Amino acid sequence: MTAPRVRFAPSPTGYLHVGGARTALFNWLYARHTGGTHVLRIEDTDRERSTEEHTRIILDGLRWLGITWDEGPYFQGEYAARHRADAERLLAERKAYRCFCTREELELQRTQAEAAGIGFRYDRRCLKLASEEIVRRRDSGAPFTIRFIMDDQEIAWDDAVHGRISFQGRDLDDFVILRSDNTAIYNLAVVSDDIAMRISHVMRGDDHISNTPKQIALYRALGQRPPVFAHVPMILGSDGKKLSKRHGATAVGDYQEQGILPAAMRNFLALLGWSPGGDREILAEDEMIQLFTLEGIQKKSAVFDTTKLEWMNGQYLSALPVEELVEPVRRQLIRLGVDDDRDLRPLIESVKARSRTILHVADQVAVRLDPARATLDSKGEALIRKMGPAFGRNLGLAAAALAELEDKDWQPDQLVETLRRVAESQQAKLGDIMQPVRVALTGSTVSEPVNELLAVVGRERSLQRLSEMARRNGGVSVA
RNA sequence: GGCGCUAUCGUCUAGGGGACUAGGACGGGGCCCUCUCAAGGCCCAAACACGGGUUCGAAUCCCGUUAGCGCUACCA
């Protein structure tokens, strides 16, 4: 058996949708798993909606996810001549015919059928035209499309994910394969290209299932054996409807913006509609490739769960070496208006375990670079209210004690010792000293251990902020 | 309306006739750890859509019902 040839064939009429990205991922995984070839083909035959900008965004999104291709990108628009030749060949072999019906006429027939409660099926009136009539109309310059003759027999195939699927030819109508402007319609273009590119496995969303019998008929009419079809389930929004803009972020670029790591996105997408069997959740690229099979693809559509994506991103974030986060975090800091040339590594290290996205890391790093940026959140406010005057007083005492430490002693061990002594001298719980410090420095009651926080913020900035907050809350300033 | 696809915890899923008291993960709840949170560990709640078969035995095979979704263009 020769190595499979698969393709990802997006149309550049919008951004790279997560559903498309997942289809691309499956194709890529299958190619890598089998040692096959992954072909990228841009289906830009819808001239009205296709743009180069969209093509660029799709390519960028694939690269970001680490999805590579071995051939292409090919552009479908460049094969118009072959599409036309295929249509004309079918016409010459009497497997297709010219249709002179206008859009208006067809629209009328459709609405009439609808009103009668019957499904519309083209009535083949142009197939019945006498040949002199056809010649006459053609010579008079009347525009026409080319329609493919659908036979009435059953068309069935063994889908690699669904098993046997069967349609009756009589339920399908003679569909248009070539527009009156001589350009191919989707079904013809796809089949023509897949034949030319020797595609052996067509993996695509299962919203294409109903196109498949038409395409199989086309393969046969063109004297070719159809490829293996694998229809992968769709991705739904949380309401169970097809994922769309209404559901918020649907483009791969949106998640990149939100600080999701490509490896996390890839892992999450792989597990949406595919399972390696067993309990595996976090899968490295090579494991994914090794374990990927068509049999593991789910039949049922899957709901995109952002919360789980973020959890997975958190997993990747904490496993990632700090070095690899420095650049993405610095980029984000600049967008936040923070330009500081300090070494970010210790700061990232101290916050990344508590973060789910790069944005979240950057926000926290920004506050540690400059505690004056800290804004009180509801939990911080609640603590101040709850502690009353003790908040400012304890803060003042802590600041005074910490001020005694010299720069070289501003280390986690000494810091925690100092604060413990303050607590003991006041016969206060450690938390009553620690929490005000935490709130003063971060605005919230949540952070890394306070001693680490102080160390990372640094002596000068910490003392300044602590005194400031103590003063503002009725405590004694030491600065 | 027609045609097609699908159906296990709220969500992602494991499960291929007996190993099912239906497992894992996210999310939720609790406990431990602890200055807080996260992480980690332990625990709890939570599902085989319904009805018929087949079989000694069905989440698993078959049929029907219901529901959801997709397609039904000179879009892709």
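A, B, ... follow the sequence lines: proteins, then strands. Residue 1 opens every chain. Note that this is a predicted model, so its numbers are computed, not measured.
Here the rule is side chain to side chain contact (heavy atoms under 4.5 Å, CB included) with A/W69, and of A/N27, A/V39, A/L59 only A/L59 fits it.
Here the separation of B/rA59 from B/rC20, taken at their P atoms, is 13 Å to the nearest Å.
Remark: C1' of B/rC71 and CD1 of A/I209 are 10 Å apart, rounded to the nearest angstrom. Spacing between atom CG of A/L269 and atom P of B/rU11 amounts to 19 Å, rounded to whole angstrom units. At whole-Å resolution of the value, NZ in A/K299 and C1' in B/rG4 are 15 Å apart. A/R266 has its CZ atom 23 Å from the P atom of B/rC12, to the nearest Å.
Heavy-atom nearest nucleotides on RNA chain B were determined for A/F100 and for A/P276, and the one closer to the 5' end corresponds to A/P276.
Of all nucleotides listed (B/rA73, B/rC71, B/rC12), B/rC71 comes nearest to the side chain of A/S210. Each of B/rG4, B/rC12, B/rC74 was ranked by its minimum atom distance to the side chain of A/K300; first place goes to B/rC12. When distances are taken from the side chain of A/D207 to each of B/rC74, B/rA76, B/rG70, the shortest belongs to B/rG70. Taking every side-chain heavy atom of A/Q298 into account, B/rU13 is the closest of B/rG70, B/rU13, B/rA73. Of the candidates B/rC74, B/rA7, B/rG2, B/rC74 carries the atom nearest the A/R103 side chain, counting heavy atoms from C-beta on.
Residue side chain A/S180 reaches the base of B/rC74 through a donor-acceptor N/O pair under 3.5 Å, judged by distance alone.
Using bins of under 30°, 30° to 60° and over 60° for the plane-to-plane angle, the ring pair A/Y122/A/Y97 lands in the parallel bin. Taking the six-membered ring where the residue is Trp, A/H201 and A/Y30 present tilted rings, their angle falling between 30° and 60°. Relative orientation of the A/F229 and A/W157 rings is perpendicular, given thresholds of 30° and 60° on the angle between their planes.
Heavy atoms of A/Y186 sit under 4.0 angstrom from at least one base atom. Within 4.0 Å of A/G205, counting heavy atoms only, lies no atom of the nucleic acid at all. Heavy atoms of A/D181 sit nowhere under 4.0 angstrom from any nucleic acid atom.
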List every contact pair, protein side and nucleotides 15-24 of chain B side both N or O, where the distance is under 3.5 Å.
| from | atom 1 | to | atom 2 | distance (Å) |
| --- | --- | --- | --- | --- |
| B/rG24 | N2 | A/E281 | OE2 | 3.3 |

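For A/K386, the NZ atom is loosely surrounded, since the number of other residues' heavy atoms within 6.0 Å does not exceed 12. Counting heavy-atom neighbours within 6.0 Å of A/R220 CZ, excluding the residue itself, gives a total above 12.
Contact check, A/H162 against B/rU6: a side-chain N or O comes under 4.0 Å of OP1 or OP2. For the OP1/OP2 pair of B/rC75 and a distance below 4.0 Å, the side-chain nitrogens and oxygens of A/R179 include at least one atom meeting the criterion. The phosphate of B/rC71 (OP1 or OP2) has no side-chain N or O of A/R204 nearer than 4.0 angstrom. For the OP1/OP2 pair of B/rA76 and a distance below 4.0 Å, the side-chain nitrogens and oxygens of A/R49 include no atom meeting the criterion. Contact annotation: A/R164 does not reach the phosphate of B/rG4 (side-chain N/O to OP1 or OP2, under 4.0 Å).
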Contact letters for nucleotides 31-42 of chain B, in which S counts primed atoms plus P, OP1 and OP2 and B counts the base, heavy atoms under 4.0 Å:
----BBBB-S--
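Both distances falling under 3.5 Å, in either a Watson-Crick or a G-U wobble arrangement, place B/rC26 opposite B/rG10. In a base pair of the Watson-Crick type (N1 to N3 plus N6-O4 or O6-N4) or a G-U wobble (N1-O2 and O6-N3), with each distance short of 3.5 Å, B/rG17 is matched with no nucleotide.
Between A/W274 and A/F26, the ring center distance fails the sub-6.0 Å criterion.
Residues A/S350 and A/E452 bring no donor and acceptor atom of their side chains to less than 3.5 Å of each other.
A cation-pi contact links A/R110 to A/F120, judged by a cut-off of 6.0 Å to the six-membered ring centre and 45° from its axis.
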